[in-house]
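Down below is the structure, laid out as structure tokens.
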Amino acid sequence: MYFSLYMRYRKLKADKLFDGFHLLENKALLVSENGIIEGITDDVTNAEIFTGIFTPGFINCHCHLELSHMKGTVPEGKGLVDFLMNVMRIRSQILADKPTAIAAAEKEMYDNGIVAVADICNTSDAIETKKRSTIRWHSLIETINLRNENLAATLLKNEGIKEEHEVANLKAVLTAHAPYSVSQMTFEAINKQTAGQIISVHNQETAAENELFQKGTGDFLKLYSWLGSTNVPFAISGKNSLQTWLPYFTNGQTILLVHNTYIKEEDIVFAKEHAATYGLTIVYCLCPNANLYIERALPPLDLLIKHQCTIVLGTDSLSSNWQLSIASELKTIKETFSLLSPETLLTWAISNAASAMRWNDLGSFEKGKKPGVVLMSEADFTVKRII
């Protein structure tokens with residue numbers, strides 16, 4: 001232990017220390033008994049010694065905690081449309097204990113060094129777990145509505161779910177599910193209600209999404225038929241998905257674009273120009289393990305890096321992933337894009353995410369912050385939560 005005149009601190013040293021921005025060597029981290037960062041020091045004498053990299057806690061920018069009871073129930077590699085149909089068909093039929101599964105998933109994230117989560121909600125099922133959790137939550141109340149005539153009832157229902165979260169002192173905001181499941185009037189309503197807020201949209205998760213908006217054809221027609229619709233329930237734009245729906249947002253929102261597996265370079269350029277015009281902040285949230293689980297594909301990281309996009313990471317849900325671990329997402333990226341440095345990957349998982357979510361007390365080992373302390377193996381990306 002390291003002692004000051006006023007408080008006891010732990011002095012921690014690993015092979016490397018990621019301070020939130022840079023990888024450092026031969027440094028020790030000073031952390032108070034209550035987890036507040038006192039500083040980083042060159043004096044490593046009498047430090048507790050660990051093998052690996054010390055990092056601030058990870059931030060999961062996309063999860064569906066309430067689907068945790070569906071682990072292993074949806075077949076892998078069948079494509080997004082079949083995945084969606086499976087989830088809608090069986091999510092309420094599974095006999096698993098939902099509260100127990102949700103609590104176990106929260107613990108899994110905690111143990112994997114995750115300190116904060118942007119979580120998609122269609123129900124109030126996860127509120128009790130979130131109330132007891134030491135993880136920080138940003139609950140995104142997801143709107144799915146294809147029919148303009150159903151808009152008022154849909155918003156009323158979702159406002160009720162939002163209020164339940166707020167009564168429990170949980171931050172909550174309305175958001176849109178995806179461009180293929182939200183009508184024009186629904187997008188317009190969400191834009192009006194979310195000025196300046198942090199929202200998310202599932203974006204270009206499958207090639208069929210671009211085909212739908214370009215031509216009105218493709219795999220989504222199977223979904224609409226299954227839902228009882230004989231045609232595409234909105235106008236065909238002749239453009240890619242992102243260029244079709246993003247113009248509905250004009251009120252300075254931070255928008256987490258989730259997945260982006262089939263985004264094109266012209267979409268990235270369009271998003272940058274539209275964001276500059278309307279004061280938006282565009283953040284690209286990647287969930288590589290879920291993309292492999294569902295589509296057997298990964299996003300075009302080379303294009304996102306080329307255009308200096310802000311990248312963060314998510315796990316998606318246990319219906320579409322084998323585990324809830326940001327470190328596992330880092331490992332998957334590193335295995336495919338081997339030239340990316342640990343420093344770059346950790347920046348995406350930690351400080352980029354903290355900045356995007358406006359969690360200014362997380363994301364780095366700056367004095368006075370309480371970001372958590374995680375030990376990660378540089379060799380195999382296994383993690384251990386230290387604080």
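Residue numbers run from 1 in the order of the sequence given.
With salt bridges taken as basic N to acidic carboxylate O contacts below 4.0 Å, none links Lys171 and Glu166. Under a 4.0 Å N-O distance rule, the pair Asp43/Lys11 qualifies as a salt bridge.
You'll find the side chain of Thr382 stays beyond 4.5 Å of the side chain of Met376, heavy atoms only. Side-chain contact between Ile386 and Leu12: present, with at least one pair of heavy atoms (C-beta onward) separated by less than 4.5 Å. Side chains of Ile53 and Leu375 form no contact here, defined as non-hydrogen atoms less than 4.5 Å apart. In this structure the side chain of Phe54 never reaches within 4.5 angstrom of the side chain of Phe18, judged on heavy atoms. By the 4.5 Å heavy-atom criterion applied to side chains, Pro342 and Phe381 are not counted as neighbours. Contact of the Ser183 side chain with the Asn145 side chain is registered, since non-hydrogen atoms from C-beta on lie closer than 4.5 Å. At a threshold of 4.5 Å between non-hydrogen side-chain atoms, the residues Thr206 and Val81 do not count as touching.
Under the 3.5 Å distance criterion, the side-chain polar atoms of Ser225 are left unmatched by any main-chain donor or acceptor of Leu221. The backbone N or O of Ser200 lies less than 3.5 Å from a partner atom in the side chain of Thr175, making a donor-acceptor pair. No donor-acceptor pair under 3.5 Å is formed between the side chain of Asp316 and the backbone N or O of Ala290.
Residues meeting the side-chain hydrogen bond (donor to acceptor under 3.5 Å, both in side chains) test with Asn86, sequence neighbours left out: Arg89. Applying the side-chain hydrogen bond (donor to acceptor under 3.5 Å, both in side chains) rule to Ser325 yields no partners; only residues at least two apart in sequence or on another chain are considered.
Other residues, nucleotides and ligands place no more than 12 heavy atoms under 6.0 Å from the CD atom of Gln308. Within a 6.0 Å radius of NZ in Lys334, other residues, nucleotides and ligands contribute more than 12 heavy atoms. Atom NZ of Lys13 sits in a crowded spot, with more than 12 heavy atoms from other residues, nucleotides or ligands closer than 6.0 Å. With a 6.0 Å radius and a threshold of 12 heavy atoms from other residues, nucleotides or ligands, Lys215 has its NZ atom at or below the threshold.
No donor-acceptor contact under 3.5 angstrom links the side chains of Ser319 and Lys71, judged on distance only.
The six-membered or imidazole ring of His259 lies away from that of Tyr262, with a centre-to-centre distance of 6.0 Å or more. His64 and His202 have their aromatic ring centers within a separation under 6.0 angstrom. In summary, the aromatic rings of Phe234 and Phe213 are positioned with their centroids under 6.0 Å apart.
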*What do the steps show when you test His138 against Leu170 for side-chain contact (heavy atoms from CB on, under 4.5 Å), and what is the final call?*
CA-CA 7 Å; His138 180 83; Leu170 295 167; over 6 Å; no
*Can Lys27 and Asp42 be said to form a salt bridge (charged side-chain N to carboxylate O under 4.0 Å, His left out), step by step?*
CA-CA 5 Å; Lys27 303 286 186 181; Asp42 294 324; 2.3 Å; yes
Give every donor-acceptor pair under 3.5 Å between a side-chain atom in residues 112-123 and any protein atom, sequence neighbours left out.
residue: Asn112; atom: ND2; partner: Glu108; partner atom: O; Å: 3.1
residue: Asn112; atom: ND2; partner: Leu324; partner atom: O; Å: 3.0
residue: Asp119; atom: OD1; partner: Leu65; partner atom: N; Å: 2.8
residue: Asp119; atom: OD2; partner: Lys130; partner atom: NZ; Å: 2.8
residue: Asn122; atom: ND2; partner: Glu142; partner atom: OE1; Å: 3.1
residue: Thr123; atom: OG1; partner: Glu66; partner atom: OE1; Å: 3.0
residue: Thr123; atom: OG1; partner: Asp125; partner atom: N; Å: 3.1
residue: Thr123; atom: OG1; partner: Asp125; partner atom: OD2; Å: 3.2

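Here the OH-CD distance, from Tyr9 to Glu38, works out to 3.5 Å after rounding to the nearest 0.5 Å. Here the CZ-CD1 distance, from Phe249 to Ile282, works out to 9.5 Å after rounding to the nearest 0.5 Å.
The hydrophobic cluster containing Leu17 does not contain Leu346, counting ILVMFWY residues as joined when their side-chain heavy atoms lie under 4.5 angstrom apart, directly or transitively.
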